[in-house]
Amino acid sequence: MKLDERRRKLLKRTFLDYQQTSAFFEHPLVINRGKGLSYWDVEGKEYFDGIGGIFVASLGHGHPKLMEALRKQVETLSFAPPMHGVSDVTLDFVERLAQITPEGLNFVKPYSGGSEAVESAIKFTRQYFKQTGHPAKFKFISRYFGYHGATFGAMAASGTGQRKTPFEPQMPGFLKVFPPNYYRDQFSSWEECNRFCARTFEDVILHEDPETVAGIIVEPIGLTGGIITPTVEYFQILREICDRYQVMLIFDEIITGMGRTGSMFAAQTFGVTPDIICCGKGISSGVVPLGAMVAREDMGEAFFGPVEDEINFAHGHTFAGNPVACAVGIAVIDEIVGLGLDKKAAQLGDYLSQRLEELKELGVVREVRGRGLLKGVELVRDTRTMAPFPELGQTLKRTALENGLVIRIDPTWFAVAPALVADKSDIDELYLRIRKSLVDALDRLS
Ligand SMILES: Cc1ncc(COP(=O)(O)O)c(C=O)c1O
């Protein structure tokens, strides 16, 4: 699409997330309508939303049941004052979310997005240890390539160098290890590589002093490193390490939650229960800002005591637990559970993998990975040397939009995550648009 002068001027007066405005000017997208799996730009051109709005529109855009839940709640109560009361629908949401999380994770605190959920998990864990006899436990170990949010704590846990440099110094107490894909070519098998990488968490804990380490934070499937998908054993080892040293295992499920990987949460897909899950994105299907921290119930109980103790979680947000957001969240859960969309994501995800594997015919795909309807494709210059091909990804950003396709493209990989309401014909359409966009990009580079 072309940018008119007015929009160009307005874009110069605002910020786009994590991207340069002049780069955006080269392939702009200004959207003014969305329905199901499609967007329309201001010129009326249709785009296939191959990334569920950025892992958000789990039920597609403008889902009628969500619109109805929103309308009803707005007409009843649209705000409750968090320091003076709580809305009844917020309690309903607490109950409903706890029904779909792994057993034992029943302590729910709703927020307005992913960064808030992660920030809260960090503060909650630190305060928990301070008031349960381990005041020196304050460090967190996470991974390079990981992304946990834009606020200072979540950013410190993130391992995305250039996104963090402008804001140095970072918060102290955050350590990193490498995710398995970083070393994969140095091991004879993916399983062995995963075992090695999982054990590096223990090495760091031991060298830091276990009595100073509070938590491990990981995305079960890491987006920013290119849909890094560890083995089940990787998570089992992490669980054992956390149990051994009394360290909280925190899963950032802001992308992987809400049915995306074939279960309600990736914790269930991988069969490993963390101590805390952070939710966001798909939890409201993008209708309203919503996130949540879900912790072990006994951790929550450490914050109760006699009134004289004055113990409370010293944390809050004005819009946390907003009634409208909670009403929509309940409707999203009801729809996913009611239609079994998590299980459907597993089956349809197999079909999506099959189709994406066909892209290997083009000679520039190293690997298709992911679980359920969260898939990543790694691009290479040729499949003999496996050398990265960032120019292809850069060109693909342009050809995808020309072909009416919105997906997440990092120069060396791209990710797809269609809405869970997609069907087989949507997957075919998505595949055709990806293939055409890749072929066009390769033509342009030849
Ligand atoms: C894995 C992960 N964690 C946390 C966040 C932060 O969520 P939000 O942008 O809603 O604050 C994101 C956002 O992209 C994410 O992908």
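Order of listing sets the numbers, starting from 1, for every ligand and every atom in it.
Here E116 has no heavy atoms under 4.0 Å from ligand 1, in either its backbone or its side chain. Residue contacts with ligand 1 for F55 are absent, since no atom lies close enough (heavy atoms, distance under 4.0 Å). Here E219 has side-chain heavy atoms under 4.0 Å from ligand 1, and that is the only part of it that gets that close.
Close approach of ligand 1 to G149 is summarised as follows: ligand atoms under 4.0 Å from at least one heavy atom of the residue are 4 (C), 6 (C).
Comment: R184 engages E378 in a salt bridge, judged by a side-chain N to carboxylate O separation of less than 4.0 angstrom.
By heavy-atom distance, the residue among I254, D17, I255 lying nearest atom 16 (O) of ligand 1 is I255.
The nearest protein atom to atom 10 (O) of ligand 1, hydrogens excluded, is given as G114 N, 2.9 Å; this is a heavy-atom distance. In terms of protein heavy atoms, atom 11 (O) of ligand 1 is closest to S115 OG, 2.5 Å.
Under the 30°/60° scheme for interplanar angles, the aromatic rings of F152 and F167 are found to stand perpendicular. Ring-plane geometry between F201 and Y234 is classed as perpendicular, the angle between the planes exceeding 60 degrees on a 0 to 90 degree scale with a lower cut at 30. Between F196 and F187, the two ring planes are tilted [angle within 30° to 60°].
Side-chain atoms of Q236 and F270, non-hydrogen and from C-beta on, never get closer than 4.5 Å to each other.
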